[in-house]
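To keep things clear, I will list the structure first and then write my remarks on it.
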There are 2 protein chains.
Amino acid sequence: MYSFTEENYLKAIYKLSDNNGSGVSTNSIAENIQTKAASVTDMIKKLSDKKLLKYEKYKGVNLTQKGKDVAIQTIRKHRIWEVFLHEKLKFGWEEVHEIAEQLEHIQSELLINKLDEFLGYPTHDPHGDPIPGENGEFHNNAFVSLDTVEANKKVILSGVINHSVPFLQHLKKIDLTLGQKLMVIEINEYDRSLKLLLNGKIEIFISNEVAKNILVK
Amino acid sequence: MYSFTEENYLKAIYKLSDNNGSGVSTNSIAENIQTKAASVTDMIKKLSDKKLLKYEKYKGVNLTQKGKDVAIQTIRKHRIWEVFLHEKLKFGWEEVHEIAEQLEHIQSELLINKLDEFLGYPTHDPHGDPIPGENGEFHNNAFVSLDTVEANKKVILSGVINHSVPFLQHLKKIDLTLGQKLMVIEINEYDRSLKLLLNGKIEIFISNEVAKNILVK
DNA sequence: ATATAAATTTAGATTTGTCTAAAATTAATA
DNA sequence: TATTAATTTTAGACAAATCTAAATTTATAT
């Protein structure tokens, strides 16, 4: 239906949309998608012709409902594939994104729905991001970042804000993976670094920078 | 490494190679790949430049070892994905080919090897075609077509020659699927149609045309 | 408010893969 | 063998997606 490239543009624009009314800028799309502004302008015109977004020269773009639908379905496919790669094929959470970038473009409604069923209808991907339903509905997370959690409260690591490979590798190395039970047992006033207790057993220290990028519930 | 299209050409040429020395013709490739002869000539030149095949004007083409390797790896990926779709996602054997045509182009050695492991290193796809190993080795089948089997000999349905969707649907409808135990209990001299016994219980009739396209061991 | 900077768009070119129509080559046939 | 038929290749064009460089518009700053 839509090309590989079109889907990537729509996904990028969807993610860059703050819903604050203002259009997504050409440059931000170019940066996100690793291409040049001139290429973005060309593609925007094409997507506008196809009624996937609204475009006013020099004013940026906004997805139409149709455009949002395509973006959300692509995100759904991406995240379901990530679950498969992680749960079934035992890829690390830092490895799944790249492969899912390819798999998300496989065209078959039936395939993704059968895969979803096979995986037991997962609600979140290996980074804690919610998986939209077949009709595009997002059940929102209500996770909080670890740096806002008070001391001595038991929480579960439920997601990350920073999705970069080095960050994910780091967390994995210090046993901070999705589902990990933990408690903040000390907050250093000076730099807001934290001492954590994992599984009620092991103590580790993390910087505020790391804590800010961890989501818990 | 190689594009979607390049892989499809190499796969087509590989399948059209009879190993009788003569080159694969432009027209046969065009027909196989659903394109025009002129397009084939263009692509052939490109693949020749990349040392994936040997090309002499008006004489057809032959894959180099490098070209064969790419073709075989693509076939390997295709067939492993077919097993996944059939075994894990419960797609019918008539449905798996089309989706595997897309999945076979996903680029990741690790992915296919992990998928292979996840599936328990299958040796055949859902149509009974052998799955080449990681190093491209083919263990050959030694299946025979059902129309050559003598009466009262127990055999197992192990593959098909005709891979068309209608044929596969027909077989499925009359309970002839991979692994089915059967015995030829009557061969009609007139039209060489057969009476079969399935699982030692049910009797069915099939035409010689159908029997010729079924492989057993 | 005007000059400069930043962002965006246009114009023209390129790459990949495709096509049609015409030319060239090979094969088939009388 | 000469002629027709079939196959294959070339030439030129096209669509998708990209790029560079130049032109235009919007934003920023003195």
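Residue numbers begin at 1 in each chain, while the letters A, B, ... track the order of the sequences.
- Counting any heavy atom pair closer than 4.0 Å across all strands shown, Y9(A) reaches sugar-phosphate atoms only and no base atom.
- Note on residues 1-58 of chain A: pairs passing ring-ring contact (aromatic ring centres under 6.0 Å, His included), not counting sequence neighbours, are F4(A)-H105(A).
- One atom, CD of E31(A), and another, P of dA6(C), lie 15 Å apart when rounded to the nearest Å.
- When each of S3(A) and V40(B) is assigned the nucleotide of DNA chain D with its nearest heavy atom, V40(B) is the one assigned upstream, toward the 5' end.
- The side chain of T35(B) has dT18(C) as its nearest neighbour among dT18(C), dC19(D), dT10(D).
- With a 6.0 Å cutoff to the six-membered ring centre and a 45° limit on the axis angle, K88(B) counts as a cation-pi contact of F118(B).
- Using a 4.0 Å heavy-atom criterion, one finds that S39(B) contacts the bases of the nucleic acid, with or without backbone contacts as well.
- Between the P atom of dT9(C) and the CD atom of E56(A) lies a distance of 11 Å, rounded to the nearest Å.
- Rounded to whole angstrom, the span from the CG atom of D49(A) across to the P atom of dA16(D) amounts to 11 Å.
- L10(A) is not listed as a side-chain neighbour of T74(A), based on a closest heavy-atom distance of 4.5 Å or more.
- Checking dT9(D), dT8(D), dT18(C) against every side-chain atom of K57(B), the shortest atom distance belongs to dT9(D).
- Applying the 4.0 Å criterion to OP1 and OP2 of dT8(C), one finds that N27(A) has a side-chain N or O inside that range.
- Put simply, K36(B) has a side-chain N or O that comes within less than 4.0 Å of OP1 or OP2 on dT20(C).
- Considering H163(A), H78(A), H127(A) as possible partners of H97(A), the one that fulfils the ring pair (Phe, Tyr, Trp, His ring centres under 6.0 Å) test is H78(A).
- One finds a salt bridge joining K11(A) and E104(A) here, because a Lys/Arg side-chain nitrogen approaches an Asp/Glu carboxylate oxygen to under 4.0 Å.
- We find that CG of D42(B) is positioned 12 Å from C1' of dT20(C), with the value rounded to whole Å.
- Residue K45(B) contributes atom NZ, which lies 15 Å from atom P of dT16(C) at whole-angstrom precision.
- Contact annotation for Y55(A): backbone-only contact, meaning every heavy-atom pair under 4.0 Å involves sugar-phosphate atoms and none involves a base.
- The 5' end of DNA chain D is approached more closely, in terms of each residue's nearest nucleotide, by A38(A) than by the other of Y58(A) and A38(A).
- F4(A) has its CZ atom 15 Å from the C1' atom of dT16(C), to the nearest Å.
- Residue K59(A) places none of its side-chain N or O atoms closer than 4.0 Å to OP1 or OP2 of dT25(D).
- Contact annotation for T41(B): base contact, defined as any heavy-atom pair under 4.0 Å involving a base atom.
- Remark: P of dT18(D) and CD of E6(A) are 10 Å apart, rounded to the nearest angstrom.
- Atom P of nucleotide dT18(D) and atom CD1 of I29(A) are separated by 12 Å, given to the nearest angstrom.
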